[in-house]
Amino acid sequence: MPDQSNQATPSDPEIPGNATAPEGISRRRLLGTAGATGLVLGAAGAAAGYAAAPSSAAAPLTSLGGEQAMFHGKHQPGITTPMQARGHLIAFDLAAGAGRKEAAALLRRWSDTARRLMAGEPAGTRDTDVARDAGPSSLTITFGFGHSFFGRTGLGEQRPVALDPLPDFSSDHLDKNRSNGDLWVQIGADDALVAFHALRAIQRDAGTAARIRWQMNGFNRSPGATSHPMTARNLMGQVDGTRNPKPADADFDKRIFVPEAPGSGEGGPAWMANGSYVVVRRIRMLLDDWEELSLKAQEEVIGRRKSDGAALSGGSGATETTEMDLEKTDASGKLVVPINAHARITRPDQNGGAAMVRRPFSYHDGFDADGVPDAGLLFICWQADPLRGFVPVQRKLDRGDALSQFIRHEASGLFAVPGGASEGEYVGQRLLEG
């Protein structure tokens, strides 16, 4: 789990993606039930109930439900959008006999559904009403293409080199049935019903054109759950992600997005302009073993204090963003940040500048017969080229990361995520109709 990310919070001013909900009130944006109540999130994240609305008038949406991300834009949503509380990942394979024509019709349907749902509107005439009373709730729906998609649609010549299969890693224990896929969809929202509603709509839209290959569910801390914006914690209790590239960085677009005029070695064919490549890994955390470690041992595995995420090399006044001193030693001459600490190994300056944006979700899929939790991280990272982003960092981790004995990579996928759709377009149109 590379330590490069600073998981965005909805109040992070450096990360775009959310916009104020439009003035028009849609059917799903009405709290039409008499006696409906909700939460109003203040600037400090505090919550307070509001009075029940009279039966003759609809109550306004809370700030949580009213947040809206835009479907149309230069980039697809769900990449720089602030982290959401709920997530669903789902991969499809095209049905036997389905090709480029069927894929284009499917992406057209999916794009229309995504546009409607992200605006807080019903999915269409067959809407299930699951999220009828909710607002957009920061919903994002993101689409990508797997390596196998191009052969199935006769578009092999348009397959980017950057989409070549990932190499094998020593920590891999991959289930092929839960890896890869022709098509990939990421759904995120700050409300569980809104997220499920989108998942169900996408699955129904697939119809006979595609079948589900695998599906995973995740979660994060809800917006406003902390007294101030902060980097989220993972299921190991660690502040997870501190060195994520930020949109304000001068080289952010170069590291994360394919250039507008891509060429050889710069992300692939023209249809990928303004797109990105996503690596998805289901990483199981061996929590029983991890929780047996002392606090000091856990901190040495990561290289950061558990309480606030500050580097072990920092003093009492250090914070999460205080620069790590890789050469600092204690009185006995021992490195304060161990040589195999996760935070040391994953630093960009220790990996030839390799960087990626991480937007993971935690997951928990129950307990086995012995009470061992099946839980961990749905690792999701974005980069302009995985061979320059994810791969070198993971290879370095393979060679001696102290965290490796407490995690297991159980599923994997790599997908090409094209740029955003303009008004009147659907996602992937430049590929499928070019």
Side-chain angles (χ1 to χ4, degrees), residues 1-5 87 89-91 93 144-149 160-184 186 213-218 234-236 238 240-241 277-290 301-302 340-347 350-352 354-366 368 372-383 385-417:
M1 297 177 292
D3 179 63
Q4 295 179 323
S5 104
L89 308 180
I90 184 167
D93 286 334
F145 304 117
H147 185 276
S148 56
F149 175 82
V161 174
L163 204 55
D164 285 351
L166 297 172
D168 295 330
F169 301 106
S170 62
S171 58
D172 285 354
H173 299 268
L174 303 183
D175 179 353
K176 292 184 178 180
N177 292 325
R178 293 194 295 182
S179 299
N180 302 312
D182 294 343
L183 294 156
W184 175 77
Q186 173 191 253
R213 180 179 178 88
W214 54 261
Q215 196 266 311
M216 302 174 188
N217 307 311
N234 60 31
L235 298 189
M236 288 178 164
Q238 297 290 149
D240 188 353
Y277 293 91
V278 62
V279 175
V280 181
R281 310 276 281 185
R282 184 182 190 273
I283 303 177
R284 185 168 183 174
M285 295 176 173
L286 308 182
L287 294 178
D288 284 351
D289 295 337
W290 174 256
V301 167
I302 302 300
N340 63 346
H342 184 73
R344 173 190 287 268
I345 291 175
T346 58
R347 288 170 57 95
Q350 301 294 302
N351 294 280
M356 50 195 161
V357 167
R358 292 180 61 237
R359 289 189 79 253
F361 291 96
S362 293
Y363 78 87
H364 176 227
D365 289 341
D368 67 15
V372 177
D374 182 1
L377 196 71
L378 300 181
F379 175 89
I380 304 167
C381 73
W382 301 88
Q383 58 262 283
D385 185 347
L387 294 179
R388 298 179 183 178
F390 172 79
V391 171
V393 176
Q394 190 59 39
R395 279 177 170 159
K396 188 79 172 287
L397 292 171
D398 254 16
R399 293 196 291 268
D401 176 26
L403 186 61
S404 293
Q405 63 182 303
F406 301 102
I407 61 175
R408 187 166 61 223
H409 293 237
E410 296 186 337
S412 178
L414 170 61
F415 303 93
V417 176

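All heavy atoms count here, side chains included; hydrogens, waters and symmetry mates do not.
Of the inter-residue distances, the one linking Leu166 atom CG with Leu387 atom CG reads 8.0 Å to the nearest 0.5 angstrom. Taken to the nearest 0.5 Å, the CZ atom of Arg178 stands 6.0 Å off from the CD atom of Glu410. One distance of note links CG of Leu235 with OH of Tyr363; it measures 9.0 Å at 0.5 Å rounding. From Arg281, atom CZ reaches atom CD1 of Ile380 across 13.0 Å, with rounding to the nearest 0.5 Å. With values rounded to the nearest 0.5 angstrom, Leu403 atom CG is found 9.5 Å from Leu286 atom CG. Taking CG of Asp401 as the reference point, atom CD1 of Ile302 lies at 7.5 Å (rounded to 0.5 Å).
Screening Tyr277, Phe415, Phe149 for a ring pair (Phe, Tyr, Trp, His ring centres under 6.0 Å) involving Trp184 leaves a single residue, Phe415.
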Discussion item. Pair Gln215, Leu89 - check side-chain contact (heavy atoms from CB on, under 4.5 Å), show working.
Written reply: CA-CA 6 Å; Gln215 196 266 311; Leu89 308 180; over 6 Å; no
Discussion item. Could you walk me through whether Val301 and Gln405 satisfy the side-chain contact (heavy atoms from CB on, under 4.5 Å) test, starting with their C-alpha distance in whole Å, then the side-chain angles of each, then the deciding distance to 0.1 Å, before giving a yes or no?
Written reply: CA-CA 10 Å; Val301 167; Gln405 63 182 303; 5.9 Å; no
Practice prompt. Please lay out, stage by stage, how Phe145 and Leu183 fare under the test side-chain contact (heavy atoms from CB on, under 4.5 Å).
Written response: CA-CA 5 Å; Phe145 304 117; Leu183 294 156; 3.5 Å; yes
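The main-chain N or O of His409 is never found under 3.5 Å from a side-chain atom of Asp172 such that the two would form a donor-acceptor pair.
Residues Pro392 and Ala354 approach most closely at CG-CB, 3.8 Å, considering heavy atoms. Taking all atoms of both residues into account, the shortest heavy-atom contact from Val417 to Gly144 is CG2-CA, 4.0 Å. Pairing each heavy atom of Asn234 with each of Met236, the nearest pair is OD1-N, 2.8 Å. Looking at every heavy atom in both residues, Ala375 comes nearest to His364 through CB-CD2, 3.8 Å. Considering every non-hydrogen atom in both Met356 and Gly389, the closest pair reads SD-C, 4.2 Å. What you find for Leu163 and Ala416 is that their closest heavy atoms are CD1-N, 3.5 Å.
With contacts defined as side-chain heavy-atom distances shorter than 4.5 Å, the pair Thr346/Lys396 does not qualify. Here the side chains of Ser179 and Val280 are not in contact, with every heavy-atom distance at 4.5 Å or above. Residues Leu414 and Phe390 form no side-chain contact, since every pair of their non-hydrogen atoms from C-beta on lies 4.5 Å or further apart. Annotation: side chain of Met285 is not in contact with side chain of Phe406 (no heavy-atom distance under 4.5 Å). Considering only heavy atoms from C-beta on, Gln394 comes within 4.5 Å of Ser171 through its side chain. A heavy-atom distance below 4.5 Å is found between the side chains of Gln186 and Arg359. Side chains of Leu174 and Phe169 form no contact here, defined as non-hydrogen atoms less than 4.5 Å apart. With a 4.5 Å cut-off on side-chain heavy atoms, Phe361 and Asn217 do not count as touching.
In summary, Asp240 and Arg358 engage in a salt bridge, as defined by a charged side-chain N under 4.0 Å from a carboxylate O. One finds no salt bridge joining Asp365 and Arg284 here, because no Lys/Arg side-chain nitrogen approaches an Asp/Glu carboxylate oxygen to under 4.0 Å.
For Asp168, the CG atom is loosely surrounded, since the number of other residues' heavy atoms within 6.0 Å does not exceed 12.
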